[in-house]
**Q** 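Mind having a look at this structure? Questions to follow.
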Amino acid sequence: MKTYVIMLAGGRGERMKSSLNKVLMPVCGRPAIIRSLDAFIPFADETVIVARPDDQPAIRDEIGKSGLAFPFRFAEGGITRQASVLNGLRSIAPDPVDIVLIHDAARCLVKPDLIERVMLSVKETGSGVPGIPATSTYKICDGNSFVLSTPDRSKLFEVQTPQGFTAGVIIPASVKAAEEGIDCTDDAGVLEHCGIPVRIVRGDPDNIKLTEPGDLSRARSILEGDVSAMRVGMGYDVHRLVPGRKLILCGVEIPFELGLLGHSDADVALHALMDAMLGACALGDIGKHFPDTDERFRGISSVLLLRETARILQEHGFRVYNADITIAAQQPKLLPFIARMAENVSSALDLPAGRISIKATTTEKLGFEGRMEGISSYAVCSVVGQKPDGTVF
């Protein structure tokens, strides 16, 4: 069984009041479509990006800059959403039992657990559409805005994407609807037209769609967490300089005759940052989570440990908002490597470059750093977060 992803990226920026395709607009430093594609990479065997020909070079360029590696191809967007979906479906050749996930690239906050719920439902029933139960009262009105009826909201759901189906269900249904001139606003509607049952799975309130300018602010707020729940942590670390070791700082190997001694790669700057992150959340320190008695961590890259630390924070409802690192070293000169260090930290924490600060200083030949016996590092970071019920810590 294979999984195909049809990524719809043919929208315009009219309601967003932008000349740029909204899926190319940055959300916390990453284009919306890159965030959407990144979420599906672990699940997709093949990905089809449906976009206007004029937008395809820009999308390809953003994928190249992102560093994401996955097989994809383009299909041309249609006049309507349904036409775009059909173009994407016609570009694949799946078996009837294969899974097809159709996603609006503008829903760039989609999470892996939602994708998994949809796929499980497809395997069990042939379809899976995420939905949020209605909490407001809705009215059905005539063309003059007079109320005709009030539907039972206990039966109403606001549907989202990805919408998943077996290929043997969605492809013939989409072709039939097109032949009959039926235009639906979502993929489940195509199946409904053909009398095929569609199953709703639990959606995600954070899985919003970028449609109007205010949605960008809302998406940023979701990604950044609740600023009113901000915490601050400080970290400090030191490692001895010795011959025969590599000197690695913030994931960058620095050419030098001495390196830092440690169980891992002894990246003193990232160790200080990880301690600051864990300290801000009262989650201990790196010795607790990555003890030097554990052979799994011998020689390991501290960039990997930084990513794992970010995951630990996420499990507890926190996310790093910004970080400031100071490295104290008499030699070597670190200025030429600062930009690459910041890129590594920005990528590992999925943060805009503007929220990462890395500085290097000497100690005017004072102390162990000045005597070139070791290198120390200080780090300060802020984290934000909230509990699952929305209340702040």
**Q** Under 4.5 Å between side-chain heavy atoms, hopping through other hydrophobics if needed: is there a path connecting Val380 to Val320?
**A** no
**Q** Of Leu249, Val238, Asp237, Asp265, which meets side-chain contact (heavy atoms from CB on, under 4.5 Å) against Leu260?
**A** Leu249
**Q** Ignoring hydrogens, what is the shortest heavy-atom contact between Ala105 and Ala9? Give both atom names and the distance.
**A** CB-CB, 4.2 Å
**Q** Under a 4.0 Å N-O cut-off, is there an ion pair linking Lys209 with Asp215?
**A** no
**Q** Quick one: does Thr166's side chain have a donor or acceptor within less than 3.5 Å of a partner on Val97's backbone?
**A** no
**Q** Looking at Lys111 and Asp113, is any side-chain nitrogen of the basic one under 4.0 Å from a carboxylate oxygen of the acidic one?
**A** no
**Q** Looking only at atom types and distance, does a side-chain atom of Ser66 sit under 3.5 Å from a main-chain N or O of Ile63, one as donor and one as acceptor?
**A** yes
**Q** Indicate, with yes or no, if Val100 and Phe40 share a hydrophobic cluster defined by side-chain heavy-atom contacts under 4.5 Å among Ile, Leu, Val, Met, Phe, Trp and Tyr.
**A** no
**Q** Would a 4.5 Å heavy-atom cut-off, applied to side chains only, mark Ile254 and Leu334 as touching?
**A** yes
**Q** Does Leu191 reach the side chain of Val198, with side-chain heavy atoms less than 4.5 Å apart?
**A** yes
**Q** Below 4.0 angstrom, N of the basic side chain to O of the carboxylate: do Glu179 and Lys176 qualify?
**A** no
**Q** Give a yes or no answer on whether the side chain of Ser91 reaches the backbone of Gly88 with a donor-acceptor pair at less than 3.5 Å.
**A** yes
**Q** Could you give the distance from CG (Leu148) to CG (Asp142), rounded to the nearest 0.5 Å?
**A** 5.0 Å
**Q** Could you tell me whether Arg231 sits above the aromatic face of Phe318, with NZ or CZ closer than 6.0 angstrom to the six-membered ring centre and within 45 degrees of the axis?
**A** no
**Q** I want to check something: taking the side chain as every heavy atom from C-beta on, are Gln163 and Asp186 in contact at a cut-off of under 4.5 Å?
**A** yes
**Q** Please report the interatomic distance OG(Ser264) to CD1(Ile300), rounded to the nearest 0.5 Å.
**A** 8.0 Å
**Q** Is there a side-chain contact (heavy atoms from CB on, under 4.5 Å) between Arg117 and Arg202? Walk through the geometry before answering.
**A** CA-CA 8 Å; Arg117 286 198 297 275; Arg202 177 169 54 88; 3.3 Å; yes
**Q** Please report the closest heavy-atom contact between Val5 and Ala44, naming both atoms and the distance.
**A** CG2-CB, 3.5 Å
**Q** Between Glu62 and Lys65, is there a side-chain N and carboxylate O pair less than 4.0 Å apart?
**A** yes
**Q** Could you tell me whether a side-chain N or O of Thr309 sits under 3.5 Å from a main-chain N or O of Leu305, the two making a donor and an acceptor?
**A** yes
**Q** Which is it for Leu216 and Arg220 under the side-chain contact (heavy atoms from CB on, under 4.5 Å) test, yes or no, and what are the steps along the way?
**A** CA-CA 6 Å; Leu216 285 171; Arg220 285 193 291 266; 3.9 Å; yes
**Q** How far does CZ of Phe72 sit from CE of Met7, to the nearest 0.5 angstrom?
**A** 12.0 Å
**Q** Check whether the side chains of Asp267 and Ser302 place a donor and an acceptor atom closer than 3.5 Å, and report yes or no.
**A** no
**Q** Step by step, work out the side-chain contact (heavy atoms from CB on, under 4.5 Å) result for Val242 and Leu258.
**A** CA-CA 5 Å; Val242 296; Leu258 301 175; 6.0 Å; no
**Q** In plain terms, say whether Asp38 and Arg35 are close enough for a salt bridge, that is, a side-chain N and a carboxylate O under 4.0 Å apart.
**A** no
**Q** Between Thr150 and Lys139, is there a donor-acceptor pair closer than 3.5 Å when you use the side chain of the first and the backbone of the second?
**A** no
**Q** Side chains of Leu241 and Glu373: closer than 4.5 Å at any heavy-atom pair?
**A** no
**Q** Can Ile6 and Leu101 be said to form a side-chain contact (heavy atoms from CB on, under 4.5 Å), step by step?
**A** CA-CA 6 Å; Ile6 308 295; Leu101 300 175; over 6 Å; no
**Q** Tell me whether Leu37 shares a hydrophobic cluster with Phe43, the cluster being built from Ile, Leu, Val, Met, Phe, Trp, Tyr side chains joined at under 4.5 Å.
**A** yes
**Q** Identify the two heavy atoms, one from Asp285 and one from Leu278, that lie closest to each other, and give their separation to 0.1 Å.
**A** C-CD1, 3.5 Å
**Q** Any chance you could measure Met277, atom CE, to Leu313, atom CG, to the nearest 0.5 Å?
**A** 5.0 Å
**Q** Decide yes or no for Pro162 and Val110: does some side-chain heavy atom of the first lie under 4.5 Å from some side-chain heavy atom of the second?
**A** yes
**Q** What I want to find out is whether Asp350 reaches Arg30 closely enough, with some N-O distance under 4.0 Å, to be called a salt bridge.
**A** yes
**Q** Please report the shortest heavy-atom distance between Met341 and Cys250, naming the atom on each side.
**A** CB-CB, 3.4 Å
**Q** Check this for me, if you would: do Arg81 and Asp187 make a salt bridge, where the nitrogen-to-carboxylate-oxygen distance has to be below 4.0 angstrom?
**A** yes
**Q** Looking at Arg240, I want to see if its CZ is surrounded by more than 12 non-hydrogen atoms of other residues, nucleotides or ligands under 6.0 Å.
**A** no
**Q** Does His103 reach the main-chain N or O of Arg107 with its side chain, forming a donor-acceptor pair under 3.5 Å?
**A** yes
**Q** Under a 3.5 Å cutoff, is there a donor and acceptor pairing between the side chains of Gln160 and Asp204?
**A** no
**Q** Between Thr47 and Phe70, is any pair of side-chain heavy atoms under 4.5 Å apart?
**A** yes
**Q** In terms of relative ring orientation, are Tyr236 and Tyr378 parallel, tilted or perpendicular, with 30° and 60° separating the classes?
**A** tilted
**Q** Do Pro31 and Val23 have side chains that approach each other closer than 4.5 Å (heavy atoms only, starting at C-beta)?
**A** no
**Q** Just wondering, are more than 12 heavy atoms of other shown residues or ligands nearer than 6.0 Å to CD1 in Ile140?
**A** yes
**Q** Look up atom CD1 in Ile208 and atom CD1 in Ile132, then write down how far apart they are to the nearest 0.5 Å.
**A** 12.0 Å
**Q** Is the shortest side-chain heavy-atom distance between Phe146 and Cys141 below 4.5 Å?
**A** no
**Q** Is a side-chain N or O of Lys22 found less than 3.5 angstrom from the main chain of Leu210, in a donor-acceptor match?
**A** yes
**Q** Is it true that a side-chain atom of Ser174 and a backbone atom of Ile170 form a donor plus acceptor pair closer than 3.5 Å?
**A** yes
**Q** Taking a hydrophobic cluster as the set of Ile, Leu, Val, Met, Phe, Trp and Tyr residues connected by side-chain heavy atoms closer than 4.5 Å, whether directly or through intermediates, do Phe368 and Ile375 fall within one such cluster?
**A** no
**Q** Tell me if the aromatic rings of Phe297 and His263 count as close, with their centers under 6.0 Å from one another.
**A** no
**Q** Around atom CZ of Arg73, are there more than 12 heavy atoms of other residues, nucleotides or ligands at under 6.0 Å?
**A** yes
**Q** Distance alone, cut at 3.5 Å: any donor-acceptor contact between the side chains of His193 and Glu180?
**A** yes
**Q** Which heavy-atom pair separates His289 from Leu283 by the least distance, and what is that distance?
**A** NE2-O, 2.7 Å
**Q** Does atom NZ of Lys333 have more than 12 heavy-atom neighbours, drawn from other residues, nucleotides or ligands, at distances under 6.0 Å?
**A** no
**Q** Would you check if the side chain of Asp55 reaches a backbone N or O of Arg52 as a donor-acceptor pair within less than 3.5 Å?
**A** no
**Q** Is it the case that the side chain of Asp45 and the backbone of Thr3 share a donor-acceptor pair, with hydrogens and angles ignored and the cut-off at 3.5 Å?
**A** yes
**Q** Grouping I, L, V, M, F, W and Y whenever their side-chain heavy atoms are under 4.5 Å apart, do Phe157 and Val129 come out in a common cluster?
**A** yes
**Q** Mind checking the SG-CZ spacing from Cys281 to Arg319? Nearest 0.5 Å is all I need.
**A** 12.5 Å
**Q** Taking all atoms of both residues into account, what is the closest heavy-atom pair of Gly164 and Val118, and its distance?
**A** N-CG1, 3.6 Å
